[in-house]
Amino acid sequence: MNDFIEIYGARENNLKNLNLKIPKNKFIVFTGLSGSGKSTLAFDTLYAEGQRRYMESLSSYARQFLDRARKPDVDKINGLTPAIAIDQKTTSKNPRSTVGTITEIYDYLRLLFARVGVQHCHKCGKPISKMSASDIINEILKLPENSTIFAVIDRVVVNTENKERIASDVEKALNLSYGELEVEVMNADEVGVEETNIHYSEHMACFDCKISFTPLEPLTFSFNSVKGACEECDGLGVRYTIDINKIVNEQNSVQKGAVKLLYGFNKSYYHKFMIAFCEQNDIPTNIPYGELKESDKKLILYGNSKEIKFVWKRHALTRKFEGALKYVYEMLKNESDFEDFMTERTCPACKGHRLKAQSLAVLVANKNIADIIDMSIENCVEFFKNNKNFSYLSTQQKTIAKPILKEIRERLMFLNNVGLGYLSLGRDSRTISGGEAQRIRIASQIGSGLSGVMYVLDEPSIGLHERDTLKLIKTLDDLRDKGNTLIVVEHDKKTIENADFVVDIGPAAGKKGGEVIFAGDVKTLLKSDTQTAKYLNGIKKINHQKNRPQENWLTLKNVTINNISNLSAKFPLGNLVCLTGVSGSGKSSLLLQTLL
């Protein structure tokens, strides 16, 4: 068996007829100056050839549906194993994709809630359950002795002598009423029973609210299915509406075009219509829109049922003014720039949780599925690790839940170990950075349990704090220990020092690179004379500090956004300012979502 991957004559891009022998099932780092050829060797040569060979192994019928893979410029590669690339491309731009769905943790959560979830009425909050005929009989027999009960088909006293009669009555009533039964306790006060009329059902139903429920299934908690998705937002968690701030200029009066899209060239009809509406509803048209009463603003935007008379092109017209927003929508709905005037708002029905109220009323360990996906992954790990949270489950339910909880716990732990403990499972995948997306895929690959695979990674430590980099390295070690080969393109010092084998490519960038100037373990690298070794040994250092004057400042006060609460900060102008902190501490929220 070949324990090495052997590359002969690699000439892709700037590689100079490169020959290299690297060990399998090891943690290998490709390093060197930017532009030296690391990614070309890792992705454009090794990974590309691995993909090409896989596609060549498919049938001719399957290959006709795939793009033809170009053979990289290399003479020969021996010992190549199946390849998976985990680069820094962001994840799906689908608005229905979340961290939970990407990692499949949400699929296991849906299964958990469908199998052991306690259904509650979304109106009154009372638990919902169904009962068999024998369960109903036992419940009736638990009533105080000598209770006189009245069913549609019988009147009987509850005691042991009438057990068979009660059983027969219950079964007959359930058959006649399609599984529904109501028992009236005739002497409730006398025997001390609080409820006079007691409802029983073989179906899932809330008798207080007169609502029936369908049995739980995984699709009940899927926002991509009509069985679970919120009907108001179709499972997106947001509604798109016209942004009033983008169509209204509060500095202008109605006469001067306060509603921007109903004023100007080719808009005279709407403008005259709106002026007439304002005049006939006693709304001032010559003062700034921002100074109008709130009730007047509402009338302009949404209209009313009053008939408005006005003249347009010498024609006397009488029509109802249905509101500026409706007319703006009609004008824009078929235009290419429609989205520029829209804003994304949290769905008022599901509060952004994407699911129907009935689905959100199902509890596991006193939490609904939205409570769990809104937690940080770090808190999720602690919640699922605590067995006391699930001690209330019956023996049968524990047996059912055990393998599901095992998968959830493992996958959460993998995410936490790659430094993503600050994310939530409900986080929209469109808001995830390239580095975060890459680490999510690393965690997913560990969860898949594959072995004998060559993983090619592109700077997975990018954007990570030193504390989280060590967690990432531990995760990469776990992936290697499953019998996989890891090829990591990296500049990070800690990652290089923890590698089993290092390939240094250089000596410079572009045409002056493309050569292997070192290949071996870290101890041998530190004794070499490469640029990388000099920086690792501290012989060379980056020191370009300049003491620039700090006279003018940009001040932020009382910032509250995401996980930042009432924060104030000052930034010196004319300086290179670095904003740092552990992953998820709020750096991007402060800089990108506040300052920019």
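- Around CG of Leu592, the count of heavy atoms belonging to other residues, nucleotides or ligands within 6.0 Å exceeds 12.
- Tyr422 and Glu378 are not linked by any side-chain donor-acceptor pair at a separation below 3.5 angstrom, with hydrogens and angles left out of the test.
- Salt bridge annotation for Asp428-Arg430: present, with a cationic side-chain nitrogen under 4.0 angstrom from a carboxylate oxygen.
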Could you walk me through whether Asp107 and Arg110 pass the side chain to side chain contact (heavy atoms under 4.5 Å, CB included) check?
CA-CA 5 Å; Asp107 295 333; Arg110 291 195 294 118; 3.2 Å; yes
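- Under 3.5 Å, the side chains of Thr31 and Glu490 contain no donor-acceptor pair of N or O atoms.
- Here the shortest heavy-atom pairing between Ala83 and Gly50 reads CB-CA, 4.4 Å.
- One N or O on the side chain of Tyr392 and one on the backbone of Ala365 form a donor-acceptor pair closer than 3.5 Å.
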Check the pair Ile128, Cys121 against side chain to side chain contact (heavy atoms under 4.5 Å, CB included), reporting the backbone distance first and the verdict last.
CA-CA 6 Å; Ile128 302 298; Cys121 175; 3.9 Å; yes
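- Between Phe390 and Phe383, the ring planes lie perpendicular to each other; the angle is over 60°, past the 30° to 60° tilted range.
- Salt bridge Lys474/Asp477: absent, no basic N to carboxylate O contact under 4.0 Å.
- Side-chain atoms of Arg427 and Ile432, non-hydrogen and from C-beta on, do get closer than 4.5 Å to each other.
- Annotation for Ser444 and Ile102: closest pair OG-O, 4.1 Å, computed over non-hydrogen atoms.
- Atom SG of residue Cys347 and atom OH of residue Tyr240 lie 12.0 Å apart, to the nearest 0.5 angstrom.
- Within the 3.5 Å criterion, the main-chain N or O of Thr40 finds a donor-acceptor partner in the side chain of Thr45.
- Between the side chain of Lys24 and the backbone N or O of Gly79, at least one donor-acceptor pair lies under 3.5 Å.
- For residues 220-236, every residue pair satisfying the side chain to side chain donor-acceptor pair (under 3.5 Å) rule, not counting sequence neighbours, is listed here: Glu217-Lys227, Glu232-Arg239.
- Annotation for Lys398: atom NZ counts as buried by contact number, over 12 foreign heavy atoms lying within 6.0 Å.
- Ile105 places a side-chain heavy atom less than 4.5 Å from the side chain of Leu412.
- The number of heavy-atom neighbours closer than 6.0 Å to CG of Asp67, taken from other residues, nucleotides and ligands shown, is 12 or below.
- Here the CG atom belonging to Leu46 is positioned 4.0 Å from the CD1 atom belonging to Ile7, to the nearest 0.5 angstrom.
- Distance check, rounded to the nearest 0.5 Å: CG of Leu457 to CD1 of Ile487 gives 9.5 Å.
- Nearest heavy atoms, Gly452 versus Thr81: O-CB, 3.6 Å.
- No more than 12 heavy atoms of other residues, nucleotides or ligands sit less than 6.0 Å from atom OH of Tyr54.
- Atom CD of Glu436 sits about 11.5 Å away from atom CD1 of Ile462, to the nearest 0.5 Å.
- When the shell of 6.0 Å around NZ of Lys71 is examined, it contains more than 12 heavy atoms from other residues, nucleotides or ligands.
- For the side chain to side chain donor-acceptor pair (under 3.5 Å) condition, the pairs that include at least one residue of residues 351-364, sequence neighbours left out, are His353-Asp374.
- Nearest heavy atom pair, residue Gly117 against residue Leu216, reads O-CD1, 3.9 Å.
- Between the side chain of Asp492 and the main chain of Ser461, no donor-acceptor pair closer than 3.5 Å is present.
- Between Glu382 and Lys385 there is a salt bridge, since a side-chain N of the basic residue sits under 4.0 Å from a carboxylate O of the acidic one.
- Inter-residue side-chain proximity for Ile86 and Pro460 is flagged as unmet; no heavy-atom pair is nearer than 4.5 Å.
- Here the side chains of Ile372 and Leu109 are in contact, with some heavy-atom distance below 4.5 Å.
- Residue Asn566 places its CG atom among more than 12 non-hydrogen atoms of other residues, nucleotides or ligands, all under 6.0 Å distant.
- The shortest side-chain heavy-atom distance between Tyr302 and Leu325 falls under the 4.5 Å cut-off.
- Salt bridge present: Arg52 and Glu49 bring a charged side-chain N and a carboxylate O closer than 4.0 Å.
- Other residues, nucleotides and ligands contribute at most 12 non-hydrogen atoms within 6.0 Å of the CD atom of Gln396.
- Residues Leu360 and His122 form no side-chain contact, since every pair of their non-hydrogen atoms from C-beta on lies 4.5 Å or further apart.
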Quick one: do Tyr108 and Glu410 satisfy side chain to side chain donor-acceptor pair (under 3.5 Å)? Show the steps, please.
CA-CA 11 Å; Tyr108 286 102; Glu410 285 183 356; over 6 Å; no
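- Remark: the backbone N or O of Ser394 is paired with a side-chain donor or acceptor of Gln397 at under 3.5 angstrom.
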Could you please spell out the steps behind the side chain to side chain contact (heavy atoms under 4.5 Å, CB included) verdict for Val362 and Phe221?
CA-CA 9 Å; Val362 180; Phe221 306 95; 3.8 Å; yes
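- Distance alone, capped at 3.5 Å, places no donor-acceptor pair between the Thr532 side chain and the Asp504 backbone.
- Within a 6.0 Å radius of NZ in Lys406, other residues, nucleotides and ligands contribute 12 heavy atoms or fewer.
- Contact between Ala85 and Phe43 at its shortest, heavy atoms only, is CB-CE2, 3.9 Å.
- At distances below 3.5 Å, not a single donor-acceptor pair connects side-chain atoms of Ser97 with backbone N or O atoms of Ser429.
- Looking only at side-chain heavy atoms (C-beta outward), Leu415 and Val381 stay at 4.5 Å or farther from each other.
- With Asn498 contributing its side chain and Lys494 its backbone, the two residues share a donor-acceptor pair below 3.5 Å.
- Salt bridge Glu330/Lys326: absent, no basic N to carboxylate O contact under 4.0 Å.
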Can you list the steps and then say if Ile373 with Thr98 is a side chain to side chain contact (heavy atoms under 4.5 Å, CB included)?
CA-CA 10 Å; Ile373 65 173; Thr98 66; over 6 Å; no
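- Ser568 places no side-chain N or O within donor-acceptor distance of the main-chain N or O of Lys557, the cut-off being under 3.5 Å.
- We find the CD-CG distance between Glu344 and Asp243 to be 12.0 Å, quoted to the nearest 0.5 Å.
- In this structure, Phe113 has its ring center no closer than 6.0 Å to that of Tyr106.
- Formation of a donor-acceptor pair under 3.5 Å by the Gln64 side chain with backbone atoms of Tyr61 is found in this model.
- Scored by the side chain to side chain donor-acceptor pair (under 3.5 Å) test, Asn368 finds no partners at all (sequence neighbours excluded).
- Atom CD1 of residue Ile377 and atom OG1 of residue Thr103 lie 7.0 Å apart, to the nearest 0.5 angstrom.
- At least one side-chain heavy atom of Thr495 sits less than 4.5 Å from a side-chain heavy atom of Phe27.
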Show, in sequence, the C-alpha distance, side-chain angles and deciding distance for Thr475 and Asp478, and conclude whether the side chain to side chain donor-acceptor pair (under 3.5 Å) test is met.
CA-CA 5 Å; Thr475 304; Asp478 291 341; 5.2 Å; no
